[in-house]
Amino acid sequence: MAEFLSTKPYKGSRDFYPEEMRSREWMFSTMSRVVESFGFERYDAPLIEPLEIYLRKTSEEIVNQQIYSFLDRGERKVAIRPEMTPSVARMVARRFSELVKPLRWYSIPNLWRYEQPSRGRLREHWQLNCDIFGAQDEFLADIEILLLAINLLKAFGANQEHFRLKLSHRQILNQVLYELLSLPPESWLPIGRIIDKKDKITVAEFEDLLQKEGLDREQIKTLFSYLEEKEDFLERHAQWSSAHYLLRILKFLEDMGVRPYIDYDPAIVRGFDYYTGIVFEVYDRHPENRRSLFGGGRYDELTGAFSKEKVNAVGFGMGDVTLEDFLKTHGLWQTFPRKTELFMALFGEEELIVHSQKLAQKLRDHGFCVEMSLNSARLGRQFEEAHRKEIPLVLVIGSEEYKAGLVLVKDLNTGEQRRFSEEELLRYLKERQKNLK
RNA sequence: GUGGUCGUAGCUCAGCUGGUAGAGCACAGGAUUGUGGCUCCUGCGGUCGCGGGUUCGAUCCCCGUCGAUCACCCCA
């Protein structure tokens, strides 16, 4: 008894059948269109990298548990990329001196993480990465990244009812912890993680966690005023350059008319340690999908791992899985018919087939997509095939048409059919194409 | 990693307190050999995830296991 192999894709990964691929291409090409309209250029890097480039910035635990890593045949420790940022930092560092700054670079890599798949989170996903490196004026770069993030979602048809960009600044939090709470830098990270959780837990639980971290009543009270008084708190501490900076960003975004998309949210921290300035997360506002869609921030130290020269950098990564969930949740997801517009039906005689093939080639040379039938036996089957493939036009050259130098065209949407000479056919097809656009 | 839910035809699912399975869709053929959709007829299709237990008898109850999925943990 034959045991068949499983047809399922590997856990946490997906097959993309042609109809799904069409939607994916729409998603990716929309991304490309928008970021390129801001002057971004596309790059790519290898799927496999030396393991060590991920060790520097992430904790051991994550590397061990969430990275696909192995020894290659030369006993080198390598990893399948779990994120793109170290790769792009490596590329920037390598050619740092010759690259014309600032760089606006983007990529749409597939990334792998070894983890338990769940809603919005798979083992393989694609992620739009947009980064600006080496801007003279970091403020302008930060603004541009925020505007780009908003424009991307708008390009998919989303508006301020659908999402909100929650913005914060790492330095402000650090200053609160250091200057107001007098906490040493070692405790910033665990407290940051607790603050990150704030919206998911109750106030009592939140206070409890902070107490366990060693905060007293007074410190917790101060922290609450930072978290809850928001802009008022920033105004009161405008002598801090970070607070002043964020207020300036918010003002600028207001002047740009995108303030309705932005919330200043001091509870946004983000997991990575390497953020040094603004941090943000874009949230779905739908009650059934209240989750972080994507996020990013400023990370000025990262290229320092690869060279003496540090390049300031700001960027974000937008995953395809969460974006797809978001678009579907709001009815913004799109599906597309196949591109092929012409189906050439065939009769059995070789002479007719050769003639049909020649015409098909001529039409292709004029830019049309023509699918040849691979079934010359039954015309009904061939029409059925074209219909089921959603190809709108069927061409037929039978012996009658052949003798008369004509070609029959049937429009499957209307049911109408006409006979044309080849020149008339070309004119007809071009006219039709124009009307569709 | 922890917990919940679910595994029945290629797909989506039904199957009553336990009596060895059904629908729709899909697929194949025909009504219709130079014309698709609609309709009708016929057919193909199942170790009821796997292993064990209880029982005269298990798709159904129990245990285990594997898989899927959701939530949590963790976290882009």
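What you see is a predicted model; the values in this text were computed from it and never measured. Naming: A, B, ... by sequence-line order, numbering from 1 per chain. Scope of the values below: all heavy atoms of this structure, side chains included, with no hydrogens, waters or symmetry mates.
Between B:G67 and B:A58, the two P atoms lie 27 Å apart (nearest whole Å). The C1' atoms of B:G18 and B:C61 are separated by 8 Å, rounded to the nearest whole Å. As rounded to the nearest Å, B:G4 and B:U65 have P atoms that lie 13 Å from one another. When the C1' atom is used for both B:G51 and B:U42, the distance is 40 Å, rounded to whole Å. A gap of 8 Å separates the P atoms of B:C38 and B:A26, to the nearest Å. Between B:U20 and B:C60, the distance separating the two P atoms is 13 Å to the nearest Å. The gap from the C1' atom of B:G45 to that of B:U8 amounts to 14 Å, rounded to the nearest Å. B:C11 sits 15 Å from B:C48 when the P atoms are compared, rounded to a whole Å.
The phosphate of B:C75 (OP1 or OP2) has a side-chain N or O of A:Arg193 nearer than 4.0 angstrom.
Defined by atom type and a distance below 3.5 Å, a donor-acceptor pair is present between the side-chain atoms of A:Tyr245 and A:Asp142. No side-chain N or O of A:Tyr428 forms a donor-acceptor pair with one of A:Arg418 less than 3.5 Å apart. With no hydrogens or angles considered, no side-chain donor-acceptor pair links A:Ser399 and A:Glu349 at under 3.5 Å.
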Give me, pair by pair, the N or O atoms of the protein and of nucleotides 65-69 of chain B that are less than 3.5 Å apart, along with how far apart they are.
{"from": "B:G67", "atom 1": "O2'", "to": "A:Lys8", "atom 2": "NZ", "distance (Å)": "3.0"}
{"from": "B:A68", "atom 1": "OP2", "to": "A:Lys11", "atom 2": "NZ", "distance (Å)": "3.1"}

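Counting to the nearest Å, the P atom of B:U33 and the CG atom of A:Asn375 are 14 Å from each other. In this structure, CZ of A:Arg123 is placed 14 Å from C1' of B:C75, rounded to the nearest angstrom. Remark: P of B:A71 and CD of A:Glu115 are 13 Å apart, rounded to the nearest angstrom.
Annotation: the span from A:Lys154 atom NZ to A:His162 atom NE2 amounts to 13.0 Å, rounded to 0.5 Å.
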Please encode protein proximity along nucleotides 34-39 of chain B as a string of B, S and -, counting only heavy-atom distances under 4.0 Å. BBBB--
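In terms of modelled atom types and a separation under 3.5 Å, the side chain of A:Ser23 and the main chain of A:Gln334 share a donor-acceptor contact. When atom types are taken as modelled, the side chain of A:Lys101 and the backbone of A:Leu99 share a donor-acceptor pair closer than 3.5 angstrom.
Toward the 5' end of RNA chain B, the nearer of the two residues A:Gly296 and A:Gly120, judged by each one's closest nucleotide, is A:Gly120.
Seen from the ring of A:Phe16, A:Arg24 counts as a face-on cation partner, given the 6.0 Å and 45° thresholds.
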Show your working on side-chain contact (heavy atoms from CB on, under 4.5 Å) between A:Tyr43 and A:Val92 and close with a plain yes or no. CA-CA 11 Å; A:Tyr43 66 92; A:Val92 170; over 6 Å; no
Check residues 402-412 of chain A and write down every donor-acceptor pair under 3.5 Å in which the side-chain atom is one partner and the other belongs to a residue at least two apart or another chain.
{"from": "A:Tyr402", "atom 1": "OH", "to": "A:Glu351", "atom 2": "OE2", "distance (Å)": "3.1"}
{"from": "A:Asp411", "atom 1": "OD1", "to": "A:Asn413", "atom 2": "N", "distance (Å)": "2.8"}
{"from": "A:Asp411", "atom 1": "OD1", "to": "A:Thr414", "atom 2": "N", "distance (Å)": "3.3"}

How does RNA chain B look in dot-bracket form if you count Watson-Crick and G-U pairs under 3.5 Å, write [ ] for pairs that cross, and put | where a base pairs with another strand? (((((((..((((.....[..)))).(((((.......))))).....(((((..]....))))))))))))....
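The side chain to side chain donor-acceptor pair (under 3.5 Å) test applied to A:Arg42 returns no partner, not counting sequence neighbours. Applying the side chain to side chain donor-acceptor pair (under 3.5 Å) test to A:Tyr106 and every residue at least two apart in sequence or in another chain returns A:Ser32, A:Glu36.
Using a 4.0 Å heavy-atom distance criterion, A:Leu293 is classed as a base contact.
Taking the six-membered ring where the residue is Trp, A:Phe280 and A:Phe316 present perpendicular rings, their angle passing 60° and hence far from 30°.
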